[in-house]
Amino acid sequence: MELEGKVALVTGGGSGIGQAVVQAMADAGAAVCINWSGEHGVQAREHAARLPRACAVEADIGEPAQVSKLVNATVDRFGGLDVLVNNAAVNRSAPLLDMPVEDWDAVLRVNLRGAFCCLQAAAQAMRDSGRGGSIINMSSIHEDVAFPTFAPYTVAKGGLRMLMRTAALELADYGIRVNNIAPGAILTPLNTATVEDPDKLALLQRVVPQRRMGTPEEVATLAVFLASDRAAYITGSTYTVD
């Protein structure tokens, strides 16, 4: 119960890694606000109903006003905010020369602008409370590794790395730590196409030392650690799970 007494907000918490992070933090004793948008509302609300201290709040994280309401709803419901997990993300794929600018904007809007909006609003709440906190961005190995046909995704994740590093320096005086988790190939709905394609799966098994995908729970374990007081001297770094 190392997160007992803490309050966590997880964006994109209705499925995949976000859902696993919600469960892991609740199991560790935290109260959790599950943010969702789009098609995962039923999952988020049902998950919240199963947990001892949780709520589900819809918000478009690309809209600052909605992010402000999301953070305020968390603070009002649970009395504060100690942990933000910037997990929400979208993806679009096309060759660079054929990439519609609308797809570029859609990815950057959620994956980078949305992460910034949430980080800013959460950090303001943490500063004003005087309790400090931990901000964890769910990045990707593609903050470093190029990924042909996924340019906006890699650009957003690269930007998230520098946002994390800059925020870690600026927010340290308020007792706020900022880190990234960079998963590799994880068994989530986003990777269904890889699992169902024998050639893609064979390639993955050749390049991954353990010859398998990771699980969302294996990523969530690290998130709980970074949110906890055991990680009190850890900030400004990316931790790879691949």
Side-chain angles (χ1 to χ4, degrees), residues 3 6-26 30-48 51 53-78 80-91 106-126 133-140 143 153 156-157 159-161 163-164 167 171 176-183 186 188-190 216 219-220 222-224 226-227:
L3 299 185
K6 294 186 183 295
V7 178
L9 167 60
V10 182
T11 68
S15 66
I17 291 173
Q19 189 175 57
V21 170
V22 167
Q23 186 64 53
M25 291 200 169
V32 186
C33 178
I34 308 170
N35 159 249
W36 62 275
S37 181
E39 62 184 355
H40 299 297
V42 173
Q43 291 170 265
R45 289 191 293 269
E46 290 181 348
H47 195 184
L51 300 176
R53 297 182 66 213
C55 65
V57 178
E58 181 181 13
D60 175 359
I61 63 168
E63 288 295 330
Q66 292 193 36
V67 171
S68 180
K69 289 181 180 179
L70 172 64
V71 170
N72 289 339
T74 305
V75 173
D76 291 346
R77 176 72 178 268
F78 299 116
L81 179 61
D82 304 286
V83 181
L84 166 69
V85 182
N86 259 329
N87 172 77
V90 298
N91 207 348
V107 173
L108 271 291
R109 183 180 182 278
V110 174
N111 296 15
L112 191 54
R113 172 189 166 108
F116 163 73
C117 291
C118 292
L119 181 150
Q120 185 182 60
Q124 288 168 346
M126 293 172 182
S134 174
I135 295 174
I136 303 162
N137 300 314
M138 202 60 66
S139 183
S140 165
E143 70 173 43
Y153 183 84
K157 296 303 184 181
L160 195 58
R161 178 173 184 167
L163 174 63
M164 172 271 293
L171 301 179
I176 301 170
R177 300 180 295 104
V178 190
N179 293 286
N180 281 8
I181 296 177
I186 306 298
T188 68
L190 286 177
V219 180
L222 179 56
V224 169
L226 290 173

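All residue numbers refer to positions in the sequence shown, counting from 1. Worth knowing before you read on, the calculation uses all heavy atoms, side chains too, and leaves out hydrogens, waters and symmetry mates.
Atom CZ in Arg177 sits 12.0 Å away from atom CG in Leu171 (nearest 0.5 Å). Rounding to the nearest 0.5 Å places CG of Asn86 at 10.5 Å from CG of Asn111. Taken to the nearest 0.5 Å, the OG atom of Ser140 stands 6.0 Å off from the NZ atom of Lys157. Here the CG atom belonging to Asn87 is positioned 12.0 Å from the CD1 atom belonging to Ile34, to the nearest 0.5 angstrom. Separation of atoms CG (Leu84) and OG1 (Thr11) is listed at 6.5 Å; rounding is to 0.5 Å. Expressed to the nearest 0.5 Å, how far CD1 of Ile136 lies from CG of Leu222 amounts to 7.5 Å.
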**Request:** Take Thr74 and Val57 through the test side-chain contact (heavy atoms from CB on, under 4.5 Å) and record every step on the way to the result.
**Result:** CA-CA 9 Å; Thr74 305; Val57 178; 5.7 Å; no

**Message:** Run the side-chain contact (heavy atoms from CB on, under 4.5 Å) test on Leu119 and Met164 for me, step by step, so that the C-alpha distance in whole Å, both residues' side-chain angles and the decisive distance to 0.1 Å come before the verdict.
**Reply:** CA-CA 9 Å; Leu119 181 150; Met164 172 271 293; over 6 Å; no

**Message:** Show, in sequence, the C-alpha distance, side-chain angles and deciding distance for Ile135 and Met126, and conclude whether the side-chain contact (heavy atoms from CB on, under 4.5 Å) test is met.
**Reply:** CA-CA 10 Å; Ile135 295 174; Met126 293 172 182; 4.1 Å; yes

**Prompt:** Which is it for Gln43 and Ser15 under the side-chain contact (heavy atoms from CB on, under 4.5 Å) test, yes or no, and what are the steps along the way?
**Reply:** CA-CA 7 Å; Gln43 291 170 265; Ser15 66; 4.2 Å; yes

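Phe78 and Ala31 get closest at one heavy-atom pair: CD2-CB, 3.6 Å. In terms of heavy-atom proximity, Val7 sits nearest to Gly80 at CG1-O, 3.3 Å. Residues Ala8 and Met25 share a closest heavy-atom pair of CB-SD, 3.7 Å. Contact record, Ser139 with Pro183: O-CD, 3.4 Å, taken as the closest heavy-atom pair. The minimum heavy-atom distance linking Cys55 with Ala48 is given by the pair C-CB, 3.9 Å. For the pair Pro216 and Gly16, the tightest heavy-atom approach, listed with the atom from each and the gap, is CB-O, 3.9 Å.
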Side chains of residues 61-71: which donor-acceptor partners sit under 3.5 Å, not counting sequence neighbours?
| from | atom 1 | to | atom 2 | distance (Å) |
| --- | --- | --- | --- | --- |
| Glu63 | OE2 | Arg109 | NH2 | 3.1 |
| Gln66 | OE1 | Asp60 | N | 2.7 |

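Looking at Asn180 and Arg161, their side chains come closer than 4.5 Å, going by heavy atoms from C-beta outward.
For the side chain to side chain contact (heavy atoms under 4.5 Å, CB included) with Ile17, the qualifying choice from Val22, Val219, Val10 is Val219, the only one to do so.
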